[in-house]
Amino acid sequence: MHAVLVPVYLLLITPITSSWWAAGSQVVMDPHSICKKSRKIKGKMSEICRTDSPLLDEISKGVKQGHDECQYQFRYRRWNCTASKRSMKKVLLRDTRETGFVNALTAAGVAYAITRACTMNVLTDCSCNKNVKRMKKGDKRTSNAMNLPESKWQWTGCGDNINYGIKVSKDFMDSRYKKMSDMKTIVKLHNYAAGRMAIKKHMRSDCKCHGLSGSCALRTCWRKMPTFREVGNRLKEHFDGAAKVIAGNDGNSFIPDGDTIKPPNREDLVYSEESPKFCTPNSTVGSLGTQGRECNATSQGEEGCDILCCGRGHTTIKKKAYGNCNCEFIWCCEVKCQTCLLENEISTCL
Ligand SMILES: *[C@@H]1O[C@H](CO)[C@@H](O)[C@H](O)[C@H]1NC(C)=O
Ligand SMILES: *[C@@H]1O[C@H](CO)[C@@H](O)[C@H](O)[C@H]1NC(C)=O
Ligand SMILES: *[C@@H]1O[C@H](CO)[C@@H](O)[C@H](O)[C@H]1NC(C)=O
């Protein structure tokens, strides 16, 4: 009996983040490899692993989309959501604002990819949301919809099935943490949920008119997800305003760190550890440093050399490249340019 229990126990206490990377020095975040490692774990996640390869493929796409968006949002930050294993691994094992951001975007990416797959009919267990609901006159939901005189309209067509996407994201990502109530796990599950909310709370309506010569006697409307870029932008705002939390007294919740801050709501990101500065290489915290990073010499923002280079200064080289010049607007509607050899200044951190 013990011979069986020990390996299972070891799997459960091995931080699951260890399966989000694999090949060489790059983070892969491949759900298929998570499944291989997690064969002995029961629950909804293993059901997906065992039986549903198409679903796993979509989950992979979602994880990748989340990571790509993370790199886009953090392209000018000292820590740029690098796929380098020695960095990402350490960041995921901690509980900083960066950890929360990556987790939220990953959970959102999975929910998004599954929902999109349902709409496009590539999965057997779901389709688009065909719920037809007749709208009452003056229904609040009509106000988002097309600005047209009130006429009969209905929910129909092919709406995005966000509830199914969220269910799969939860089954795959949350279910393995069900019996854990340590601080990091509670924070992680909160941030997963916040990532999904960044989609679900911001669904919009799209409508189409039907009827003779645009009379719009009947309108059909359906629910649509925001673009994933919008989801990323929103989560970046939540990252900037993330709330630091400490463990609550009951042992399975958290409370704001400091008594003046309002409690974080379901869409807010939370963290329990301060971030490192990420200025210099430090393998303990997964910092690669910013030496050699491209920066903007005139900007005061996070992409500016002052902040990105941590006060170490920067060098600027002139680089020549062909580009458009002497552009002329020709009535109507064309822009004509010449090609010239242009000199660009490129600054990099010392
Ligand atoms: C790396 O970071 C840790 C944690 O912040 C710190 O204790 C340690 O001194 C750092 N090491 C170096 C070489 O800077
Ligand atoms: C991200 O940061 C690392 C380390 O600072 C750097 O090597 C890499 O080129 C950066 N990636 C991008 C896309 O800027
Ligand atoms: C650098 O920052 C300045 C000020 O924010 C901006 O006008 C300029 O376009 C930026 N340059 C590049 C190459 O991004």
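Atoms within each ligand, like the ligands themselves, are counted from 1 in listed order. Side chains are part of it too, since the values below use all heavy atoms of this structure and drop only hydrogens, waters and symmetry mates.
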For [atom], closest protein heavy-atom neighbour:
atom	answer
atom 9 (O) of ligand 3	Asn296 ND2, 4.7 Å
atom 5 (O) of ligand 3	Ser299 CB, 3.9 Å
atom 10 (C) of ligand 2	Asn80 ND2, 2.4 Å
atom 4 (C) of ligand 1	Val285 CG1, 3.9 Å
atom 12 (C) of ligand 1	Asn282 ND2, 3.4 Å
atom 6 (C) of ligand 2	Arg293 CD, 4.0 Å

**Message:** Less than 3.5 Å apart, any donor N or O on the side chain of Asp160 or Thr115 sitting next to an acceptor on the other?
**Reply:**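 No, Thr115 and Asp160 have no side-chain donor paired with an acceptor closer than 3.5 Å.
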**Asked** Can you tell me if Arg312 and Thr290 form a side-chain donor-acceptor pair at under 3.5 Å?
**Response**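 Yes, side-chain donor-acceptor contact under 3.5 Å.
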**Prompt:** Do Asn296 and Glu303 pass the side chain to side chain donor-acceptor pair (under 3.5 Å) test, and can you show the C-alpha distance, the side-chain angles, and the key distance before you say yes or no?
**Reply:** CA-CA 6 Å; Asn296 181 329; Glu303 77 277 18; 4.9 Å; no
**Prompt:** For ligand 2, is there an atom lying under 4.0 Å from some heavy atom of Gly289?
**Reply:**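 Right, Gly289 reaches ligand 2.
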**Prompt:** Does some non-hydrogen atom of the protein lie less than 4.0 angstrom from atom 14 (O) of ligand 2?
**Reply:**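 Yes, because at least one protein heavy atom sits under 4.0 Å from atom 14 (O) of ligand 2.
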**Request:** Please check if a non-hydrogen protein atom sits closer than 4.0 Å to atom 2 (O) of ligand 1.
**Result:**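 For atom 2 (O) of ligand 1 the answer is yes, since some protein heavy atom falls inside 4.0 Å.
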**Request:** Give a yes or no answer on whether the side chain of Thr99 reaches the backbone of Thr96 with a donor-acceptor pair at less than 3.5 Å.
**Result:**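 Yes, Thr99 side chain to Thr96 backbone: donor-acceptor pair under 3.5 Å.
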**Prompt:** Hey, does the side chain of Arg196 reach the backbone of Ala111 with a donor-acceptor pair shorter than 3.5 angstrom?
**Reply:**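 Judged by distance alone, no pair lies under 3.5 Å.
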**Asked** Just which atoms of ligand 3 are under 4.0 Å from any heavy atom in Thr298?
**Response**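 By the 4.0 Å cutoff, the relevant atoms are 1 (C), 2 (O), 3 (C).
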**Message:** As a test of understanding, state which of His67, Gln73, Glu69, Arg75 forms a side chain to side chain contact (heavy atoms under 4.5 Å, CB included) with Gln71.
**Reply:**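 Exactly one candidate clears the test, His67.
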**Request:** State whether the SG distance for the cysteine pair Cys325/Cys337 is less than 2.5 Å.
**Result:**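 The sulfur gammas are not closer than 2.5 Å, so no.
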